[in-house]
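Heavy atoms only: backbone and side chains are in, while hydrogens, waters and symmetry mates are out. None of the values given here were measured: they were computed from a predicted structure.
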Amino acid sequence: MQRPPQQNSWHCPVPLRDFSHIVLGHGGGGRLTADLLEHLIRPAFDNPFLARQADGAELPVQTGRLVVTADSYVVRPLIFPGGSIGELAVHGTLNDLAMMGARAKYLTMALILEEGLPLALLAEILHRAADAARAASVLVVAGDTKVIERCHGEGCFITTTGLGWCKHEGHLSPDAIAAGDAVLLSGTIAEHGIAVLSQREGLQFESAIISDTANLQEIALSLLEAVPVRMFRDPTRGGVAATLNEIAHSRRFGIEIIEQSIPVQPAVRSACDLLGLDPLAVANEGKFIAIVPDAAADEALARMRSHPLGRNAVRIGTVVSDHPGHVVARTPFGAKRMVPLPAGELLPRIC
């Protein structure tokens, strides 16, 4: 949901509008901190747990196994084509839980704000994060706010903790993988990294490139209910190349992929060619890899393609007993090439 960062969307016009930007006093623990929490941050995520204004949240026990994850978000720019650091923080945390077979229920969110950050921009980020949480029926139940001096950061960092419950009987793990298993990908790759880079560097392409940031809970958990999934992974930093190498890292097996089967939007491929980037190594924020038994691959793809986030789902490869610990791509010319673990951060500050 797009909102212009207008001051009219703020919840209280008096205390905060004395300042148009974050000042160090907003992190001092006094009146300015209280005003920021009362009139901007807490109303964005309003729920009974936050309304108690305690140092934490006392949460009801759910059935199943408790799953916890933590993450931090440092993307630059803070708002990019298709998203912002706000919904990115929510989606990324929910997706980490979904990759473990858990449905998210609660989040905590800590904000590190730089002196000079426009309050209107902060309001926009919070609204986007709140919209993403509400769309997923997830509550932000606790948090923290700190302010740092100007030039020590780049506006806003967000750290999250996600809590969810897993009702799936087994454990999703590389230990469950066997030679012959199918490697599935939920859709086109590299949109997030290229969208952020284009905004950051002022690049323009013939077709707009939009980040794929999305909540993967429904499609992933639906697939888990339908077929015996061995494991999930979302290929964020380092892209598909890093994720597949991490899966093969146990050195019990190798992975072979068909390079032509990897779906990449034409505009994204052109941008990667222009910039000298391999789409396999570029970050994603709304895609996942699933490894399933070969016999379940067709059913799994049908289930994935029935969801809007999986309409371009494909089988990209197979788990093999050859070259354990390595990922190999078969090229359009019939040759094979190694797909290495990316040596460094191709696109820094991407998520």
Side-chain angles (χ1 to χ4, degrees), residues 3-59 68-80 83-93 106-134 138-163 200 348-349 351:
R3 283 194 184 92
Q6 296 177 345
Q7 293 184 349
N8 290 334
S9 64
W10 298 357
H11 293 271
C12 177
V14 180
L16 287 176
R17 290 194 185 183
D18 290 340
F19 300 90
S20 60
H21 295 70
I22 289 290
V23 297
L24 288 177
H26 283 120
R31 174 62 185 275
L32 289 181
T33 301
D35 288 342
L36 188 66
L37 293 173
E38 181 180 354
H39 302 298
L40 190 59
I41 297 175
R42 197 178 295 123
F45 305 104
D46 185 39
N47 63 69
F49 297 102
L50 286 180
R52 295 171 188 168
Q53 300 184 37
D55 284 340
E58 183 178 319
L59 305 174
V68 179
T69 188
D71 213 336
S72 297
Y73 298 87
V74 295
V75 66
R76 176 173 61 88
L78 297 176
I79 295 180
F80 47 83
S84 77
I85 192 173
E87 61 261 52
L88 186 66
V90 173
H91 291 159
T93 310
Y106 305 110
L107 295 180
T108 71
M109 183 172 293
L111 304 173
I112 300 178
L113 308 176
E114 185 183 8
E115 179 187 19
L117 176 71
L119 281 172
L121 177 56
L122 176 59
E124 175 71 1
I125 289 168
L126 294 175
H127 280 308
R128 287 171 176 250
D131 286 344
R134 278 191 290 269
V138 171
L139 297 179
V140 177
V141 297
D144 188 37
T145 303
K146 294 293 188 293
V147 177
I148 59 176
E149 293 87 350
R150 190 186 302 267
C151 296
H152 284 216
E154 293 188 36
C156 176
F157 301 150
I158 298 179
T159 297
T160 58
T161 300
L163 290 88
R200 181 188 303 171
R349 301 288 305 277
C351 61

Student: To the closest 0.5 Å, what do you measure between CG (Leu126) and CG (Leu119)?
Tutor: 10.0 Å
Student: Could you give the distance from CG (Leu139) to CG (Asp46), rounded to the nearest 0.5 Å?
Tutor: 10.0 Å
Student: Of all residues at least two apart in sequence or in a different chain, which pass the salt bridge (charged side-chain N to carboxylate O under 4.0 Å, His left out) check with Arg76?
Tutor: Glu154
Student: For the pair Asp131 and Arg134, find out whether any cationic side-chain nitrogen is under 4.0 Å from an anionic carboxylate oxygen.
Tutor: yes
Student: For Ala129 and Val90, work out which heavy atoms get closest and say how close.
Tutor: O-CG2, 3.5 Å
Student: Under the 3.5 angstrom rule, does the side chain of His26 hit a backbone N or O of Val23 as a donor-acceptor pair?
Tutor: yes
Student: Just jot down the side chain to side chain contact (heavy atoms under 4.5 Å, CB included) partners of Thr69, sequence neighbours excluded, or say none.
Tutor: Thr93, Asp96, Leu97
Student: Work out which heavy atom in Cys156 is nearest to a heavy atom in Leu117; give both atom names and the distance.
Tutor: CB-CD2, 4.3 Å
Student: Could you tell me which residues satisfy side chain to side chain contact (heavy atoms under 4.5 Å, CB included) with Ala110, sequence neighbours excluded, listed by chain and number?
Tutor: Asp144, Thr159
Student: Going by the rule side chain to side chain contact (heavy atoms under 4.5 Å, CB included), which residues pair with Leu50 if we only count those two or more places apart in sequence or in a different chain?
Tutor: Arg42, Phe45, Asn47
Student: Test your reading of the model: is there a side-chain donor-acceptor pair from Thr161 to the backbone of Thr108, 3.5 Å cut-off?
Tutor: no
Student: How far apart are the closest heavy atoms of Glu124 and Ile79, and which atoms are they?
Tutor: CG-CD1, 3.6 Å
Student: Check Arg128 against Ser84 and note the closest heavy-atom contact, atom names and distance.
Tutor: CD-OG, 3.1 Å
Student: Going by the rule side chain to side chain contact (heavy atoms under 4.5 Å, CB included), which residues pair with Leu24 if we only count those two or more places apart in sequence or in a different chain?
Tutor: Glu115, Val147, Glu149
Student: In chain order, what residues pass the ring-ring contact (aromatic ring centres under 6.0 Å, His included) check against Phe49, with sequence neighbours excluded?
Tutor: Tyr106
Student: Just jot down the side chain to side chain donor-acceptor pair (under 3.5 Å) partners of Thr145, sequence neighbours excluded, or say none.
Tutor: none
Student: Between CD1 of Ile85 and CD1 of Ile158, what distance do you get to the nearest 0.5 Å?
Tutor: 4.5 Å
